[in-house]
There are 2 protein chains.
Amino acid sequence: MATMHDVARLARVSVSTVSYVLTGARPISQATRDKVRAAMAELDYQPHAMARGLASRRSRILGLLLPIDDRGLGATETAFVTGAASAASAAGYHLVLSPVDADDLDGLRRLASQRMLDGALLMEVQLDDDRVAVLREAGVPLVLIGRTGDTTDLSYVDIDFDRTVRDAVAHLVGLGHRRIVYVNHSAATIAEGYGPALRTRDAFAAAMAEHGVEPLMIPAEDSAAGGRAALATAFDRAPDLTAVLAMNERAVFGILGGLAGRGLTVPDDVSVVSMVTSPQVAELATPALTAMTSPGSALGRIAVEALLRHLELDSAPIHQELLPCTLEVRGSSGPPGRPTPDTTGEADAADPEASGTTSKNTARRRAATRRRA
Amino acid sequence: MATMHDVARLARVSVSTVSYVLTGARPISQATRDKVRAAMAELDYQPHAMARGLASRRSRILGLLLPIDDRGLGATETAFVTGAASAASAAGYHLVLSPVDADDLDGLRRLASQRMLDGALLMEVQLDDDRVAVLREAGVPLVLIGRTGDTTDLSYVDIDFDRTVRDAVAHLVGLGHRRIVYVNHSAATIAEGYGPALRTRDAFAAAMAEHGVEPLMIPAEDSAAGGRAALATAFDRAPDLTAVLAMNERAVFGILGGLAGRGLTVPDDVSVVSMVTSPQVAELATPALTAMTSPGSALGRIAVEALLRHLELDSAPIHQELLPCTLEVRGSSGPPGRPTPDTTGEADAADPEASGTTSKNTARRRAATRRRA
DNA sequence: CTGAAAGCGCTAACAA
DNA sequence: TTGTTAGCGCTTTCAG
């Protein structure tokens, strides 16, 4: 493997000259530049990453710090990771994937002290995240994916949950829905202060209030079963619901299944909109899910670009950006069915199921009514 | 940041001694070892990754080379990536994510020549993959994820498609299914020699032959629509089918939707088994998909471990391993409905739909028959 | 069992 | 505009 010395010798210049044509850190005459370039080409020269890193104190390596949770990465996170990798690669940087437990602060400190990372992207940021302080102490520039509670002097890129919820609600209200249930993450997740769950909860309440309708939020475990359970609760508390807005990619499929199990049709009986969802996942459902598409890879790219700006220019301004998810209407949302006419009171009484007061019956009835029409 | 010199001075030993207690490359007396350890602790010493890399010619960085296709990574690939990252991390290595176009051989050569990678994992290996030669020329040890056509002298880890198909077929045949349709990737994908598609196709034919039943394979685009189209074709060519085995995670959801659209129930009317599928995805379906669970993160871990063995010991033997996907029975598979009794011939004739010869009718009829029972 | 010192391949003063 | 050279922080002979 050719070294810079070889190139210098062949081009009959000094090593520093070779170095300078490479880095462009000082002007080199066209003539020598050409000589050097030719020599490099002839020798298939490639600068030695470690040597360069040691001498320049810049590794050109970025760290992507992702907590390793049991359930692995979702489609959105994956898109983020690949987006970040592409952006880094395009800028001549490398991206290392560092799985560090969120509470393994020592491990993080060790990683940061190895001086291998020029900067870091912090994924799955908690509202109060100790990792930030550790990284700062170690002098590692960073950009958050998500937000801590206090974002003073912190660069971050995050989803604009407020706007996303607002847009989703506007879509449903625009279609004529009034009784919309918001299915969030689990109560435990909310209790431990998971930002997106809290932010969307509040945004939902605000958005519904703006439209003058009453908000109803129901937590759900991150699973199909959780979705089904949430749906049951939803029908208990709001038998007349016509739309579900779900912030829970896993639960939403359970909701779909639960709806089908009740003999309800999507979107004729109930509209379903999924928040922060990738097109790939949205299209797995039948009908395909109307969803707020997460800007996964864009987030990754923007985060990397912001981080690089901090590296190039130490005085670069803090970058705080929120990207909304964009509404993509697919098959799971539509105008609500007309409400059970009051005039059908008699028919209801005659219905053998009418003695049961569960939402299930109400909904079924409504659906059946519409089908007859 | 403390350097090795600082540690040496504080411990009153030479730098080389410090280095040796760190690497263990030569015996050190317990007494000095303790002194050095104490000094390191006191100074919060962390070896400088680049300096160490330059001097030792080992970066302790592994590369994960993934072609950036438009559609991004699936759940299986993602599990693989995180599995690899964890394994590398556990072994004190770093994993860099290098998105390199499969046909950007120069880019790959450049990457390899930077001497930043001690070794590489090659994802989405083609049957004939030029990247292998490039990496070998550059002297970068590698482990394939997947297999090239000729695997001489090559270490690889791959899914045991043959066994996986065999197990899946055995499951269905064991349940009593005789008419099983195999939904593969698209014709184009097969034509371009995509290994998994070819291997499973052949394995399916062989497995069916072993059971003395006739194989039927249908290609499908990687989308829900592709799945629906494939289902239509399937019913045309095998109106009496009772089970679908799908090698296409995207299409399988379309198949499910198509089945529901025809008024067919899973698994009562048609059983569906999905190949090489993650539990997360399998559980999105209703009913949850019986699937051959891909050993995603195990693949990643094993690949890294094999690669590390090559790095530690240049003479380490080639590692070639196939991991089967394991059958996980969920709700989408069950015994076939009983075939339309021959004695119902008259009823068939009376059925207004019976004049149509589409599979749809046949299947519907059968389903209806069972429901009446 | 330990130390001294020569690099690893490059960058960036400093000097011309 | 170019060259000389002193490191960057560590590993690893070579000596003792």
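All chains are named by letter (A, B, ...) in the order of the sequence lines, taking the proteins before the strands, and each is independently numbered beginning at 1.
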Using residues 34-52 of chain B as the side-chain source, report each donor-acceptor pair under 3.5 Å to any protein atom, sequence neighbours left out, with the distance given to one decimal.
{"from": "B/Asp34", "atom 1": "OD1", "to": "B/Gln30", "atom 2": "NE2", "distance (Å)": "3.0"}
{"from": "B/His48", "atom 1": "ND1", "to": "B/Met50", "atom 2": "N", "distance (Å)": "3.2"}
{"from": "B/His48", "atom 1": "ND1", "to": "B/Ala51", "atom 2": "N", "distance (Å)": "3.2"}

Check salt bridge (charged side-chain N to carboxylate O under 4.0 Å, His left out) between A/Arg301 and all other residues, then give those that pass, not counting sequence neighbours.
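A/Arg301 satisfies salt bridge (charged side-chain N to carboxylate O under 4.0 Å, His left out) with A/Glu305 once adjacent residues are dropped.
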Within the 3.5 Å criterion, strictly below it, is a donor on B/Thr152 or B/Asp150 matched to an acceptor on the partner's side chain?
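Indeed, the side chains of B/Thr152 and B/Asp150 share at least one donor-acceptor pair under 3.5 Å.
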Under 3.5 Å, is there a donor-acceptor pair between the B/Ser14 and B/Thr17 side chains?
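Looking only at side-chain atoms, B/Thr17 and B/Ser14 do form a donor-acceptor pair, the distance falling under 3.5 Å.
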Are any side-chain N or O atoms of B/Thr32 and backbone N or O atoms of B/Ile28, one a donor and one an acceptor, separated by less than 3.5 Å?
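No, because the side chain of B/Thr32 does not come within donor-acceptor range (under 3.5 Å) of the backbone of B/Ile28.
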Using modelled atom types and a 3.5 Å cut-off, is there a donor and acceptor pairing between side-chain atoms of B/Ser98 and backbone atoms of B/Val100?
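Pair absent, no side-chain N/O of B/Ser98 close to backbone of B/Val100.
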Please report the C-alpha distance between A/Asp104 and A/Asp106 in whole Å, then the side-chain angles of each, then the deciding distance to 0.1 Å, and finally whether the side-chain contact (heavy atoms from CB on, under 4.5 Å) criterion is met.
CA-CA 5 Å; A/Asp104 181 12; A/Asp106 277 331; 4.2 Å; yes
Could you pull out the protein-nucleic contacts involving nucleotides 6-8 of chain C (nitrogen or oxygen on both sides, under 3.5 Å)?
{"from": "C/dC8", "atom 1": "O4'", "to": "B/Arg57", "atom 2": "NH2", "distance (Å)": "3.4"}
{"from": "C/dC8", "atom 1": "O2", "to": "B/Ala55", "atom 2": "N", "distance (Å)": "3.4"}

All stems with DNA chain D, defined as three or more consecutive Watson-Crick or G-U pairs under 3.5 Å
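Stems (3+ consecutive pairs) listed as C:1-16 with D:1-16.
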Students often get this wrong, so: under 4.0 angstrom with heavy atoms, is A/Val18 touching a base, only sugar-phosphate, or nothing?
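Here A/Val18 touches no strand at all.
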Contact class for A/Ile28 vs. all strands (heavy atom < 4.0 Å): base, sugar-phosphate, or nothing?
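The answer is sugar-phosphate, as A/Ile28 gets under 4.0 Å only of primed atoms, P, OP1 or OP2.
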Show the numbers, then the answer: is there a side-chain contact (heavy atoms from CB on, under 4.5 Å) between A/Ile145 and A/Asp158?
CA-CA 6 Å; A/Ile145 315 311; A/Asp158 198 2; 6.0 Å; no
Starting at the 5' end of DNA chain C, which residue's closest nucleotide do you reach first, A/Val15 or B/Val13?
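Per heavy-atom nearest nucleotide, the more 5' residue is B/Val13.
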Could you give the [atom1]-to-[atom2] distance, from [X] to [N], as a whole number of Å?
X: A/Leu22; N: C/dC10; atom1: CG; atom2: C1'; result: 10 Å
X: A/Met116; N: D/dC10; atom1: CE; atom2: C1'; result: 13 Å
X: A/Gln114; N: D/dG9; atom1: CD; atom2: C1'; result: 14 Å
X: B/Asp34; N: C/dC1; atom1: CG; atom2: P; result: 14 Å
X: A/Arg12; N: D/dT2; atom1: CZ; atom2: P; result: 16 Å
X: A/Arg115; N: D/dG9; atom1: CZ; atom2: P; result: 10 Å
X: A/Asp6; N: C/dG9; atom1: CG; atom2: C1'; result: 10 Å
X: A/His5; N: D/dG3; atom1: NE2; atom2: P; result: 12 Å

For a quick test of reading the model: is some side-chain N or O of [X] closer than 4.0 Å to OP1 or OP2 of [N]?
X: A/Thr32; N: D/dT2; result: yes
X: B/Thr17; N: C/dT2; result: no
X: B/Arg52; N: D/dT11; result: yes

Output a table of donor-acceptor pairs, distance under 3.5 Å, between side-chain atoms of residues 59-67 of chain B and any protein atom two or more places apart or on a different chain; print 'none' if there are none.
{"from": "B/Ser59", "atom 1": "OG", "to": "B/Ile61", "atom 2": "N", "distance (Å)": "3.0"}
{"from": "B/Ser59", "atom 1": "OG", "to": "B/Met116", "atom 2": "O", "distance (Å)": "2.6"}
{"from": "B/Ser59", "atom 1": "OG", "to": "B/Asp118", "atom 2": "OD1", "distance (Å)": "3.1"}

Find every protein N or O atom lying less than 3.5 Å from an N or O atom of nucleotides 13-16 of chain D, and list the pairs.
none

Check A/Ala316 against A/Arg309 and note the closest heavy-atom contact, atom names and distance.
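That closest heavy-atom pairing would be CB-O, 3.5 Å.
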Verdict with reasoning, B/Leu311 to B/Arg58, per side-chain contact (heavy atoms from CB on, under 4.5 Å)
CA-CA 9 Å; B/Leu311 301 185; B/Arg58 311 182 74 248; 3.9 Å; yes
Heavy-atom side-chain contact between B/Asp153 and B/Arg136 under 4.5 Å
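Yes. Closest side-chain heavy atoms under 4.5 Å.
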